[in-house]
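For reference, the structure discussed in these notes is given below.
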Amino acid sequence: MERIAVSVTEAAEMLGMCPKTVYQLTRRADFPAFKAGNRTVISVEALREWVRRQATGEGAAV
């Protein structure tokens, strides 16, 4: 079963970025991160959509 949300570290691996950069992205209003208890998690589906928007110029540049 595919997970629907991942940690910042896992999202960083998916994106080919370092976790520090992804933590910085979590502060952006358009980035699909949210708090679950004291953890920051990222929706996989929304992350894919966010990347698509970035790649097509529909979102703000990274």
Side-chain angles (χ1 to χ4, degrees):
M1 178 189 314
E2 184 178 355
R3 293 170 48 191
I4 61 172
V6 294
S7 69
V8 169
T9 302
E10 292 166 322
E13 290 176 14
M14 293 170 68
L15 292 168
M17 298 178 171
C18 71
K20 182 177 178 179
T21 301
V22 177
Y23 272 112
Q24 291 172 344
L25 288 170
T26 65
R27 296 186 194 112
R28 290 176 46 156
D30 68 329
F31 194 76
F34 59 96
K35 294 294 262 184
N38 62 352
R39 290 187 64 202
T40 300
V41 293
I42 299 160
S43 163
V44 173
E45 183 178 333
L47 180 61
R48 288 185 177 125
E49 177 60 23
W50 181 84
V51 169
R52 186 195 66 74
R53 287 193 320 268
Q54 299 305 304
T56 60
E58 294 175 37
V62 174

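Throughout, residue positions are numbered sequentially from 1 according to the sequence presented. Everything numeric in this text was worked out from a predicted model, so none of it was measured.
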Report task. Show which residues join V41 in its hydrophobic cluster (side-chain heavy-atom contacts under 4.5 Å, direct or indirect), or state none. Result -> F34

Report summary line: All heavy atoms of I42 vs all of S7, minimum pair found to be CD1-O, 4.4 Å

Requested in this report: Taking all heavy atoms of A11 and all of L47, pick out the closest pair and write down the distance.
Outcome: CB-CD2, 4.2 Å

Report task. List for me each residue that meets side-chain hydrogen bond (donor to acceptor under 3.5 Å, both in side chains) alongside R52, sequence neighbours excluded, and say none if there are none. Result -> E49, E58

Query raised in the report: Which pairs pass salt bridge (Lys or Arg N to Asp or Glu O under 4.0 Å) with one or both residues in residues 5-26, sequence neighbours excluded?
Result: R3-E10

Query raised in the report: For residues 35-46, which residue pairs qualify under salt bridge (Lys or Arg N to Asp or Glu O under 4.0 Å), counting only residues two or more places apart or in two chains?
Result: none

Requested in this report: Apply side-chain contact (heavy atoms from CB on, under 4.5 Å) to A12 and list each qualifying residue two or more places apart in sequence or on a separate chain.
Outcome: P19, V22

**Report entry** ring pair (Phe, Tyr, Trp, His ring centres under 6.0 Å) contacts touching residues 1-26 (sequence neighbours left out)
**Finding:** none

Report summary line: To the nearest 0.5 Å, atom OG1 of T21 lies from atom CG of L15 at 10.0 Å

